[in-house]
Amino acid sequence: MSRTIARFDVPLILALLLVPATGSAAGEDVHALLTRADGYRLASAAAQVTTRVQVWKGGAVDKERVYLVHVKPGRRSLVISRSAVEKGQKVLMVGDDFWIVLPSSQRPIRITPAQKLLGDAATGDVATLTWAEDYTGTVAGEAVIDGVPCLRLELTAARRGVTYARITLLLARSDDHPVAADLYVASDRIAKRATFEMGELEGRPGVVAMRLHDEIQTGRETVIEYLSREPKDISDEYFNPMVLTRHAPE
Amino acid sequence: MRPNERVVLAAVLLAAAAPALAGEWRAEGQADEPAPERAGGLGGPSLIRPPRQDDGTSGLQSSFRLWTASGGTRLRASSPYAAGAALAGVDGEANRIEGVLRLAWRGAVAEGSVRTTTDAGGETQAQAIPTELYQELDLLGQHLTFGQKVTGWDVAYGFRPLDVVQQERRLALRPFALVGIPQVAWEWFDERWAVLVLWANPLRGRALLPQHDESGAARVFRRLGPVDLHAVARFSDRTGLQAGAGAAAVVGEALELHGSARWQARDEHLAPPRRAPDGSPMAARPPGPPEVRRDQVAGVVGFTLTPGLDLSILGEAWFDPAGDAPSTWRQRRRLAEDQRALGDAGAAPAAAVAGNLAWGLSAFDRQDLLPWNLLLHVSRRWDRLEPALDLLVTPQDRGWAMTASAGYQGERFRFDGGLRILGGPPGAAHRLYPGWATFYVAAQLSL
């Protein structure tokens with residue numbers, strides 16, 4: 001069951017609301033906060049992440065996909081599907097530009113930012129592991145989520161092409177790890193509520209799973225698990241869409 | 001055992017073996033980094049090295065796909081070609097089965113297809129063919145490919161002027177896996193540029209089909225922010241020089257625009273309908289060789305719109321010089337009507353009339369019947385179900401082809417079904433075709 005931002009500890013919230021808004025929290029540098037939060041999802045700037053996506057429906061796994069994700073600075077990521085149903089499918093994101101290579105076509109196809117939202121786990125959910133590069137915002141207050149005191153950040157997209165136009169993000173006050181998020185699409189409609197599970201991956205604390213509760217198709221939950229995460233700097237040339245019809249990154 | 005039974009048995013055996021074949025094999029304890037290969041006893045790392053696989057390991061990757069499709073075509077008795085439909089096979093295939101096994105290991109790819117086609121009379125034809133078989137190598141920062149590889153180019157969907165090498169036929173129902181083009185290719189790329197030069201069908205010379213001709217081709221790609229630019233060129237004995245360019249750009253959050261155009265020095269065009277020297281509509285031989293036309297230009301413009309709600313809309317307009325003008329279709333119609341009238345009056349043997357009409361039906365065996373075409377495709381996804389509607393219109397004669405289809409994507413299985421209807425005013429090329437409706441249902445297993 002996903003935890004959502006709506007599940008607040010009411011007495012604690014009331015107490016926190018009495019704290020003047022000009023307190024230390026409001027003065028935090030949002031970019032620095034996001035950079036620290038990003039560190040729990042992506043420990044190194046260039047990395048290879050193996051991700052498993054499970055879509056739950058009616059209490060059972062409805063779909064399961066495995067992706068290999070290569071991420072590099074400059075908002076570059078390459079998502080390679082490893083599941084039988086999508087085997088050979090690749091999605092490339094370079095800044096605000098996106099391409100898909102379907103195994104049946106053998107040519108890269110330009111896709112729109114809106115097409116990134118297609119699917120239960122939007123491609124952007126799988127491929128985007130950082131906020132600091134994409135969003136700006138303010139510290140809007142504090143909250144307690146399942147007993148964890150959090151800072152509430154209101155983030156807006158700093159550029160076109162990001163998966164969500166607006167995010168309400170809650171970071172743990174203790175160490176800035178992400179706890180929960182409300183994800184809004186361009187129409188300012190809430191698309192998904194996310195919660196983050198902490199654990200240990202490759203010998204250091206980090207987000208090991210993200211649960212996405214679909215607010216549009218209710219009753220569905222998507223769990224994105226990070227099975228492995230290792231520093232890996234693939235060559236820049238692999239972020240050229242024409243290369244994707246050739247072999248994948250070395 | 002009959003040939004079709006042997007092929008079905010082969011497909012079943014492949015399916016049975018597929019769970020073991022599909023997936024990835026990695027030897028126990030195999031390192032992620034392949035050991036450097038030695039070059040000719042020089043003692044150092046080789047300068048030639050095959051690329052690794054998608055996941056950065058050197059393991060064997062495999063996939064298997066088995067699908068079958070059944071369907072049929074309803075005949076239009078009012079078509080002047082109706083009497084030739086059976087001879088030309090218009091009454092259609094009853095069933096298709098294909099099993100495709102793909103193996104990839106360290107830059108080497110092998111994909112094979114076992115396929116059968118059964119016609120309405122129960123006659124089965126079977127083939128087992130390699131669809132792709134190639135090796136990719138990296139050499140001193142250059143990238144080489146040797147073998148048979150699918151090589152589709154262009155930015156459009158319904159019609160692809162820049163697809164000069166693969167020459168894939170678009171908008172087909174139930175297509176088999178594409179068969180790659182034998183080639184030797186060199187590539188260079190960085191993050192924004194990509195250059196490819198290839199020698200297709202080496203030493204083959206002029207073949208029966210244009211895509212099998214020996215040719216030299218090149219493609220240059222440049223990414224300029226939200227715009228992709230493509231330029232291609234190809235030279236073959238049949239076409240002379242072909243040259244073209246295209247672009248695709250994303251405008252805003254939900255709109256993609258694309259367009260491409262190609263010029264070619266020579267193009268083979270289906271010969272126009274001809275009567276015997278005495279004016280008789282009956283011929284004793286098949287239609288003559290194609291006409292050679294010079295300085296032919298083809299082009300397409302289009303868009304994709306994804307306004308949300310899992311809705312996708314594609315629109316395209318194109319000019320394909322391979323299509324015939326409406327006046328040529330009027331000539332074809334008159335010729336076919338005269339042939340049918342001779343048969344109806346008993347003035348010519350029925351077999352001869354059917355043969356002539358079947359020859360005439362070869363005019364329909366191409367992607368575009370007329371030069372100008374408009375395509376609208378609308379699809380929407382509801383979880384695993386995706387219905388789609390395609391409408392192709394030929395504005396010059398107001399003919400149309402409409403396809404309604406739906407696909408259901410499971411974890412391993414996929415089910416599809418569809419219906420294509422051809423229509424238009426009397427005399428429209430699509431209306432002349434003796435098959436007015438084609439339906440199909442298909443099932444696919446992926447491992």
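Ranking D96(A), D236(A), N240(A) against chain B, the residue ahead of the rest is N240(A), based on heavy-atom pairs under 4.5 Å. The candidate from T50(A), D97(A), V94(A) with the greatest count of non-hydrogen atom pairs under 4.5 Å with chain B is D97(A). Listed options A248(B), S312(B), G225(B) were ranked by heavy-atom pairs under 4.5 angstrom with chain A; first place goes to G225(B). Ranked by heavy-atom pairs shorter than 4.5 Å toward chain A, the options R65(B), E187(B), E191(B), Q166(B) are led by E191(B). Of the listed residues P226(B), A249(B), S446(B), the one with more heavy-atom pairs under 4.5 angstrom with chain A than any other is P226(B).
When heavy atoms are compared at a cutoff of 4.5 Å, R192(B) approaches chain A solely by way of its backbone atoms N, CA, C and O. With a 4.5 angstrom heavy-atom cutoff, V195(B) does not touch chain A via any of its atoms. No part of A185(B) comes within reach of chain A, as not one of its non-hydrogen atoms sits under 4.5 angstrom from that chain. Of the atoms belonging to R414(B), not a single heavy atom falls under 4.5 Å from chain A.
Salt bridge status for D383(B) with K57(A): present, with a side-chain N to carboxylate O gap under 4.0 Å.
Both cation-pi conditions hold for R107(A) and Y157(B): the charged atom is under 6.0 angstrom from the six-membered ring centre and inside a 45 degree cone around its axis.
Considering OG1 of T112(A) and CG of L255(B), their distance stands at 8.5 Å, rounded to 0.5 Å. In this structure, CG on D228(B) lies 11.5 Å from CD1 on I109(A), to the nearest 0.5 angstrom. Interatomic distance, R65(A) CZ to E411(B) CD, rounded to the nearest 0.5 Å: 4.5 Å. Once rounded to the nearest 0.5 Å, the distance linking CZ of F98(A) with CD of E256(B) reads 13.5 Å. The distance from atom OH of Y238(A) to atom CZ of F189(B), rounded to the nearest 0.5 Å, is 6.0 Å. Interatomic distance, OG1 of T306(B) versus CD1 of I111(A), reported as 8.5 Å (0.5 Å rounding).
Taking the ring pair (Phe, Tyr, Trp, His ring centres under 6.0 Å) definition, one finds that F221(B) meets it with H230(B), sequence neighbours left out. Applying the side chain to side chain contact (heavy atoms under 4.5 Å, CB included) criterion to I167(A), with sequence neighbours excluded, gives W131(A), Y135(A), L155(A), Y164(A), L169(A), A181(A), L183(A).
Between R223(B) and M242(A) the shortest side-chain heavy-atom distance does not fall below 4.5 Å.
More than 12 heavy atoms of other residues, nucleotides or ligands sit less than 6.0 Å from atom CH2 of W188(B).
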